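Just so we're clear, the structure is a prediction, and the values are computed from it rather than from any experiment. All chains are named by letter (A, B, ...) in the order of the sequence lines, taking the proteins before the strands, and each is independently numbered beginning at 1.
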Amino acid sequence: GAVVSQHPSWVICKSGTSVKIECRSLDFQATTMFWYRQFPKQSLMLMATSNEGSKATYEQGVEKDKFLINHASLTLSTLTVTSAHPEDSSFYICSAARTRTSGIQYFGAGTRLSVL
Amino acid sequence: DAKTTQPPSMDCAEGRAANLPCNHSTISGNEYVYWYRQIHSQGPQYIIHGLKNNETNEMASLIITEDRKSSTLILPHATLRDTAVYYCIVHPSSKDDMRFGAGTRLTVKP
């Protein structure tokens with residue numbers, strides 16, 4: 001149990017286009033979902049926390065208008081990178097938790113974004 | 001949240017126990033110790049967590065010192081597939097977000 005599916009696993013796009021990444025909890029309801037970004041040889045950096053039906057809480061330095069997060073249901077959250085630029089190229093990882101304060105997060109496999 | 005300190009890298013022989021230390025000297029009473037690992041190019045995986053008692057599950061054991069200022073994750077019989085970055089995280093029960101430090105890169109060698 002506790003499977004999180006993230007799609008796509010790999011995407012290449014042209015500079016200026018938008019990319020949507022989906023994160024689904026397949027066998028449980030996720031009250032809270034998280035989005036992380038990871039650059040090569042670095043640790044995960046929390047971008048935002050989203051609770052179902054609420055606006056996402058973004059970490060300092062993360063542009064809300066560039067990284068649009070929607071958590072419309074208890075099993076789906078999406079991250080849209082708008083007007084992507086090469087510096088947005090990174091490994092994006094989502095996770096889901098059953099409750100808001102649960103320390104146990106279930107992670108997706110990640111999405112590797114390359115912006116040309 | 002309390003800060004954690006882990007060695008940047010460790011090696012372990014296949015079949016032997018891997019003991020990964022973590023220092024969290026500023027841990028508060030309501031903060032749990034969590035361990036995750038990330039195999040190369042994959043999402044992290046939850047391993048185990050504890051408050052003050054030692055814990056064991058099918059993946060690992062967690063030993064927390066009596067003063068709670070440090071802990072050790074034990075993989076009893078390491079395999080090559082255990083090669084990964086292991087993250088020790090201190091997380092209060094009242095918060096939702098979790099922050100990852102640099103972790104320990106464990107390499108299991110044949």
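In the hydrophobic clustering of ILVMFWY residues, with side-chain heavy atoms under 4.5 Å counting as a link, A:M47 and B:Y87 come out apart. Residues A:V81 and A:F91 do not share a hydrophobic cluster, clusters being chains of Ile/Leu/Val/Met/Phe/Trp/Tyr side chains in contact below 4.5 Å. The same ILVMFWY cluster, assembled from side-chain heavy atoms under 4.5 Å apart, contains both A:F28 and A:F34. A:Y36 and A:Y106 fall within the same hydrophobic cluster, defined by Ile, Leu, Val, Met, Phe, Trp and Tyr side-chain heavy atoms under 4.5 Å apart, directly or through other members. Transitive grouping of hydrophobic side chains (ILVMFWY, heavy atoms separated by less than 4.5 Å) keeps A:L68 and A:L113 in distinct clusters.
Contact of B:Y34 with chain A is made through the side chain alone, with heavy-atom distances under 4.5 Å. With a 4.5 angstrom heavy-atom cutoff, A:L44 touches chain B via backbone and side-chain atoms both. Residue contact with chain B, scored on non-hydrogen atoms closer than 4.5 Å, is absent for A:Q6. For A:I104, the parts lying near chain B are the backbone and the side chain together; criterion is any non-hydrogen pair under 4.5 Å.
Identified by a heavy-atom distance below 4.5 Å to chain A, the contributing residues of residues 40-69 of chain B are B:S41, B:Q42, B:G43, B:P44, B:Y46, B:H49, in residue-number order.
Residue pairs that meet the salt bridge (charged side-chain N to carboxylate O under 4.0 Å, His left out) test with at least one member in residues 4-24 of chain A, sequence neighbours left out, are A:E22-A:R24.
When all heavy atoms are compared, the tightest approach of A:S43 to B:A102 is CB-CA, 4.3 Å.
Heavy atoms from other residues, nucleotides or ligands lying under 6.0 Å from NZ of A:K66 number more than 12. Remark: A:H85 NE2 is packed, more than 12 non-hydrogen atoms of other residues, nucleotides or ligands lying under 6.0 Å away.
Between B:D97 atom CG and A:L46 atom CG the span is 6.0 Å, to the nearest 0.5 Å.
Looking at heavy atoms from C-beta onward, B:Y36 lies in side-chain contact with A:Q105 at the 4.5 angstrom threshold.
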